[in-house]
Every structure is written in structure tokens, then in C-alpha cells.
There are 2 protein chains.
Amino acid sequence: MRQPTIIDVARAAGVSVSTVSRVVRDHADVRAETRTLVQEAIEELGYRPSPIARALVSGQSRLLALLVSDIGNPFYPQLAKSVEHEAKRDGYTVVLCNTADRTVETRRYIERLLRQGLDGVIHASVARDENLLLTLLADPRRVVFTNRRPASESVSYVVSDNRAGAVELTRHLLAQGHRRIGFVAGPGYARNAVERLDGFRYAMAEIGSAEPLIAEGGFSAQHGGQAVTAWLAAPSPPTAVIAVNDSIALGVLETLADRRLRVPEDIAVAGFDGVQLAASPLLQLTTVDQHVDQLGRRAVRILRRQLAAPPGAAPIHEVLPTQLLPRRSTAAPVRPDSLASLVKD
Amino acid sequence: MRQPTIIDVARAAGVSVSTVSRVVRDHADVRAETRTLVQEAIEELGYRPSPIARALVSGQSRLLALLVSDIGNPFYPQLAKSVEHEAKRDGYTVVLCNTADRTVETRRYIERLLRQGLDGVIHASVARDENLLLTLLADPRRVVFTNRRPASESVSYVVSDNRAGAVELTRHLLAQGHRRIGFVAGPGYARNAVERLDGFRYAMAEIGSAEPLIAEGGFSAQHGGQAVTAWLAAPSPPTAVIAVNDSIALGVLETLADRRLRVPEDIAVAGFDGVQLAASPLLQLTTVDQHVDQLGRRAVRILRRQLAAPPGAAPIHEVLPTQLLPRRSTAAPVRPDSLASLVKD
DNA sequence: GTGAAAGCGCTAACAT
DNA sequence: ATGTTAGCGCTTTCAC
């Protein structure tokens, strides 16, 4: 037999559909007795309200979108996991959207999902799509940024303290005696990347470094390799390299392995994000932990609060502390001119 | 102003809603003239049909579920990417469901999504949930298995030729002179894992190996480490190790690195799946490529075909060839008793 | 070939 | 505190 509807329940309980609806939605104004009666009928029939019918009339679907840059970057699966876990608790379904940081993909996803009744968006990719998103969504309460900070302060976000994390990491390298440190940056439009770069610059300026080595680039692991290759070919290459994220750091490590350079003895390497792979005995990559599980969980909570808030409610801003995880990849004190001789061959 | 409805279009075009509906759904029985008229009105108003209303009346939602074991295993993000890419072309939305191979999670996801109008399921996790899934879905056309083969041949699937892949891989190691080869297996209920084990057994039997080394286990990277640790502690450890998938192989590599054993000089290691990470210069892991992008794409196509097929249509079965990717991790010919001396200390 | 009308399962006024 | 009823936007008979 078909799924029972609210009408079946009403009939079974001997009440009207509105009463059943009230019970289901935990509305007040239902006598305890009646409530019990209805609940029993629901139980017996195995009734479950239809989200579709609900969505049609209420305009809400319990559908959330998670926008990510690249699910191939292990940071994002970890984020997705925590978002999904938290969302499930409220009966929300999460659709993972791989935007490849292309605005057109953001538009496609959001337009389609909006028609499906999309309730809110967790924006964790770094494309230049902020205005587009806000326009499509028409209501800033429906979005929360994470991983990256939005340009407009009237939008909610939960991010790591990227700058402070980068400062701490840079100081860690400086403490080992490194003075010539290369920074493999992300694209200039990625605010989280820029904040990390800022932190690096600040820490380098503190010790009076005239011109820190900076390689502009994208977020792919290849960029890391290219930057390092270029540095090694130039006079006086860096004794340490910081990558703007762990994926790029992996690319750096790979390039160095290809060139038979030892980490950290010949050159130190550090990343940012704190992905699980960085802890692997094969990498032992020093990194800055973003506590991605916290990021995801809090993003969902913010969104939930906002979706229940009245229009025009104040945005919520959270900045989470990061944690430096020093590992073997930066464990050797710098040896002056160690690299210059090695690179020659 | 609000989104235009089908009524607005009908009014603008001077026809009835049913005519508009027919045009939108590409139904016959509409005069070319009328069709053009309606299409112009749609264009002008920017009308897009509401998937929700559609779902309510038709019972179809263009929602697909992808069941995976663990999104932390890089094989699955790659699969998700290809599934998503193919599904998008037909306007399907994919919900990624992380089941952790727990039946209760499968049930939760499917029950909830069914209420949301779920159209079909791509089952790529390996839990013992086959019957549950088929019962919940009530129609075998709505599911396609991938990555693993279902017990019932009346259900569609697209899988790799796991057995042949394992045979080829084992022979590759045998050709290097290895005779004592350890196989880190997956859980016994995982059919894809069992097929790979079968292939290994078969190839070992071919050369008359009395009792191949086999470690039963789960799918976590830890299992790989534990198995190897145990083997190394025993008399006459293996000279080569095959892991049932790349994630476990990574765990094996990590354990060996911890113990200062060189791969492949001291011990050879191979995986299965062909994840991108395996190609990294840091691992250079020999593996068997499953062509995960093909797997995902074909799964979606099968599902699409089935959803359009009449009830009771014959299931579709596809078995894709695998490809051996020999890399450095198995590149050294075996040195007799090499390991026995090393392990002592 | 086209239109009118009855729902799909539910929520939310508005009555009582 | 509970019931009645009008939709939400669309598909789908069934007439014409």
C-alpha cells in the first residue's frame, strides 16, 4: 500500500488535518490528549511528512549547498564530512558543488538548486563569485562563508585566523635560522590566501627582511613545483619554502624529491590547512591546522541560526584560532649556503 | 517580481496551461506555430519550471544519491567528481552519502532522500546493505551498483574486472622473482575485495605456492600497517606486499617508512584503484587503475537508461578492464633473504 | 490540437 | 483548541 498521507493520519486519529499538521510541526495550541492520539496514529501508520509537498507550500526544502573549489584537494572532503555530519542532525541534506573556482559553475549550481528549493549555502570555494551569489540568493541570511572571508562585512562567515597562523609559521622557520624563505602564494583574488601572505610578509618585515621571495600562482599542486623549480635555478635559492596550502606543499615536496633534495636537511618545507595526509610518516609536513571539523560544524550552525532569524538580522562573524603543527619537514636548523652548492649540479 | 509560473506563461502566450506544459515537456500534439508562441513567452518571461511542483505531481525529483564508504579515501572523491559531472548533464543533482559502510547510515540516507523524491541510487560503498537498499527502493531499476558487484544478478552494475586486475598485478610481482607475497585483504563481506583476493590466490596457485600470506582485515589504512608489522615480526616475512586498495597500500608504505625499510629494495609494495596520489613521485606506487572516471560516468548512464525503461526491464551489467600501472614501488628484482637480515635488529 | 479541471500532500489563514 | 478551506505550481486525464 502507498505511503500514508496526512489525511490518513487525520482519519485514523479522528481529527482534522490541521491538527495533525500542528502536531507534526510541534506547534502549540494542541491539547496534550489530542497530541498523544495523533502521535499514536502517526506511529501506527508509519507516517512521514513529504518534504516535497512541504517545500511546495512553504518554500523551504532542507537542502543546503556546499560550494568547494576542488574536491580533489583533501581539505574539502574533510570539510564536506563535517558539514554533512552537522547538517544531518537537523534533517538537512547537503549537495556538494565542485565549482573549480569558476563563477559560471557557481551560477549553474545555485540557479538549479534554487529551483529545487535550496535553503542556504555554505560557501567554501574562493572564486570571484561573491556578488553573484548574494544576488542570486537575494537574502544574505541564506549564506555563510567559510574558509574565506567575504568582502562585505554584512555577510556571515566563520574563518580561521589565517594571518596569525602564517605569522606563527613564519616565526617558527625564522627561529630555526632561516632568513631566505620562499612563499608560494595562491591567486590574488583568494582572500584566505592573501591573508596568509600578509602574515608571512609581516613576520618577515619584523626581522627586517628586505624582499621576501614570493611566487604568485594558483591553487594547483603544479604551481608549487614550478615556483620551486624557478627558485632553485636562480642565484641564492631559499632555504625554506612555505606553501599557501597543504596541496601545494605536496607539489613542492614532490618536486624536491624529483631533484633528489632532502627535506628538511637541504630545504625546509611547510604547508597550511592541516590535512590528514600531512601527518603521514611519508611526509611529516609541518603545517598550520585549521581545525576543519570546527569550521564545517560552525558554518552549519550559523546558517541554521540565520535561517530562523528575522530579516535584516545582524551577520555572525567568527574567527577561529589555528594551531601550528611542527613536524620533521622543518625540523633541521638551517645550514648556511647548504643549498647553493647542491643546486649547482 | 516573483518567479513567473506556468500560468503567467499561458496568459502571455494566450494559451492554456496544459499547452504550455506540453511544450515544456516536449510533448507531441502541439502545432508548430503554437509551440513557437509559447517558447517566445517562456523566453521573454524567463520562465523555468519548478522541480518541486513537478516532483509533487510526478513523483520524480532529478535527485540521485551516491553511496560511498568513506570520502576520506581519495578513490571516492574522484568517483564523486565523475558521477557529478555526468549527472549534471541531465539536470540531475547528486547527494553524496558517506555511509562508513554502516547499514544504519544507508537506511537513514535513503529513507530521508526517498521522501525528498529520490529518483535513483548509485551504490559504491561496500556495506552489507544490498537487500535493505532494494527493499527501500522497491524497484531494482532505481539502483546501479558500481565498485562492487551485487549478489543478485537481477540488479545492474558496472564494475572493474577486479579478479583479472589482481591476477595481472600478482604475475607482475612473480615475474620479478617474488615468491613470498603478502596480501592485505579487505573485509570478507566486500565483494570487490574478495574478487581481488581470488585473483591473487589464483595467480599464486599457478606457480604452485602452497600457502599465500593473507591478512584479513578492514578497509582502513591502519589494517595495512598492522598486517605488515605482524609479518615482519614472524619468521620469513614476505618480500612483497599487495594491498587490496591504494589507501591501505599507503598505510603499508607508512609503516615501512617508520621501520626504515626501503621500498622496493627491501620490500616491494603494490596497491589497487589507481588513485592520483599513487602516481606521486613521493610514493611511486604500483597499482591497478580502475579508470574511476569511466566507472562514475557509466553508472550514471546506466541509471538514466533504467529510469526511462519499462518495469521489469533487464538489468545492465558491465565489467571494465583494469590497467596495471607498474611504478618504482615494485621496480627492484627480489633479493633472496634480503629482508630476513634487515628485520632482525 | 487544445482547454478545463482534478488533484499531488501539505501549510496557513481564517472560522468556530 | 480544533476544523475548513484555499492555494503552492505543476501534470494528467478527459472533453471538445
Side-chain angles (χ1 to χ4, degrees), chain A residues 1-39 41-42 45-63 91 112 114-119 307-308, chain B residues 1-39 41-42 45-63 91 112-119 308:
Chain A
M1 120 132 202
R2 78 187 201 296
Q3 285 274 347
T5 74
I6 197 171
I7 299 181
D8 300 321
V9 177
R11 195 155 12 216
V15 299
S16 75
V17 290
S18 15
T19 301
V20 177
S21 178
R22 284 186 188 104
V23 171
V24 168
R25 286 172 302 132
D26 256 343
H27 241 47
D29 289 355
V30 181
R31 202 170 43 187
E33 249 178 89
T34 318
R35 179 180 300 272
T36 315
L37 210 63
V38 171
Q39 274 161 346
I42 288 176
L45 297 178
Y47 165 77
R48 315 249 54 209
S50 152
I52 296 175
R54 248 181 198 181
L56 183 62
V57 61
S58 72
Q60 311 216 328
S61 64
R62 302 245 135 192
L63 217 57
R112 175 152 52 84
L114 272 178
R115 302 294 310 185
Q116 303 249 39
L118 184 65
D119 282 350
L307 290 175
Chain B
M1 122 128 201
R2 76 187 201 296
Q3 285 274 348
T5 74
I6 197 171
I7 299 181
D8 299 322
V9 177
R11 195 153 14 211
V15 299
S16 76
V17 289
S18 7
T19 301
V20 177
S21 178
R22 286 188 185 102
V23 171
V24 168
R25 285 171 304 128
D26 256 341
H27 240 47
D29 288 355
V30 181
R31 202 170 43 186
E33 253 177 85
T34 319
R35 181 179 298 273
T36 314
L37 210 64
V38 172
Q39 274 161 346
I42 289 176
L45 297 178
Y47 165 78
R48 314 249 54 209
S50 152
I52 297 175
R54 238 176 208 188
L56 183 62
V57 61
S58 72
Q60 310 217 328
S61 64
R62 302 244 134 193
L63 218 57
R112 177 151 52 84
L113 290 173
L114 272 178
R115 303 293 312 184
Q116 303 249 40
L118 184 66
D119 282 351

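All values derive from a computational prediction rather than experimental measurement. Note on naming: letters A, B, ... go to the chains in the order of the sequence lines (proteins, then strands), and numbering restarts at 1 for each one.
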Query raised in the report: Can you find an N or O donor on one side and an acceptor on the other, under 3.5 Å apart, linking the side chain of B:Arg22 with the base of C:dG3?
Result: yes

Query raised in the report: To the nearest angstrom, how far is B:Leu37 atom CG from C:dG3 atom P?
Result: 10 Å

Report task. Under 4.0 Å between any heavy atoms, over every strand shown, what does B:Ser18 touch: base, sugar-phosphate, or nothing? Just pick one. Result -> base

Query raised in the report: Of all nucleotides in DNA chain D with an atom under 4.0 Å from a non-hydrogen atom of chain A, which is the first and which the last going 5' to 3'?
Result: D:dA1 to D:dG9

Query raised in the report: Between B:Leu63 and A:Gln116, what is the shortest heavy-atom contact and its length?
Result: CD1-NE2, 4.4 Å

Query raised in the report: In whole angstroms, how far is the C1' atom of C:dT11 from the NE2 atom of A:His27?
Result: 10 Å

Report summary line: Of B:Gly14 and A:Thr5, the one whose closest nucleotide on DNA chain C sits nearer the 5' end is B:Gly14

Query raised in the report: CZ of B:Arg48: more than 12 outside heavy atoms within 6.0 angstrom?
Result: no

Report task. Establish, with yes or no, whether the OP1 or OP2 oxygen of C:dG3 is under 4.0 angstrom from a side-chain nitrogen or oxygen of B:Thr19. Result -> yes

Query - Nearest-Å distance for atom pair CZ/C1', residues B:Arg11 and C:dT2 - result: 18 Å

Query raised in the report: Out of C:dC10, C:dG3, C:dT2, which nucleotide sits closest to the side chain of A:Ala53?
Result: C:dC10

Requested in this report: Output, in order, the C-alpha distance, side-chain angles, deciding distance and verdict of side chain to side chain contact (heavy atoms under 4.5 Å, CB included) for A:Leu37 and A:Glu33.
Outcome: CA-CA 6 Å; A:Leu37 210 63; A:Glu33 249 178 89; over 6 Å; no

Query raised in the report: If you look at every strand shown and take non-hydrogen atoms under 4.0 Å, does B:Val24 touch a base, only sugar-phosphate, or nothing?
Result: nothing

Query raised in the report: Which heavy-atom pair separates A:Asp119 from A:Leu307 by the least distance, and what is that distance?
Result: O-CD2, 3.5 Å

Report task. Of all the heavy-atom pairs spanning A:Val38 and A:Val15, show the shortest one and how long it is. Result -> CG2-CG2, 3.9 Å

Requested in this report: Kindly indicate, with the supporting measurements, whether the criterion side chain to side chain contact (heavy atoms under 4.5 Å, CB included) is fulfilled by B:Asp26 and B:Arg35.
Outcome: CA-CA 9 Å; B:Asp26 256 341; B:Arg35 181 179 298 273; 3.7 Å; yes

**Report entry** Closest non-hydrogen atom pair between A:Ile6 and A:Tyr47, with its separation
**Finding:** N-CE1, 3.5 Å

Requested in this report: Give the rounded distance in Å between these two atoms: CD1 of B:Ile6 and C1' of C:dT2.
Outcome: 14 Å

Requested in this report: Grab the CZ-P distance between B:Arg54 and C:dG9 for me, whole Å please.
Outcome: 19 Å

Query - Distance in angstrom units between B:Arg115 CZ and C:dC8 P, rounded - result: 15 Å

**Report entry** Candidate nucleotides C:dC10, C:dA12, C:dC8, ranked by approach to the side chain of A:Arg25 - the nearest
**Finding:** C:dA12

Query raised in the report: What is the distance from CD1 of B:Ile7 to P of C:dA4, rounded to the nearest Å?
Result: 12 Å

**Report entry** Atom-pair distance (CG on B:Leu56; P on C:dC10), nearest Å
**Finding:** 9 Å

Report summary line: Residue pair B:Val15/B:Ser58 against DNA chain C: nearer the 5' end by closest nucleotide is B:Val15

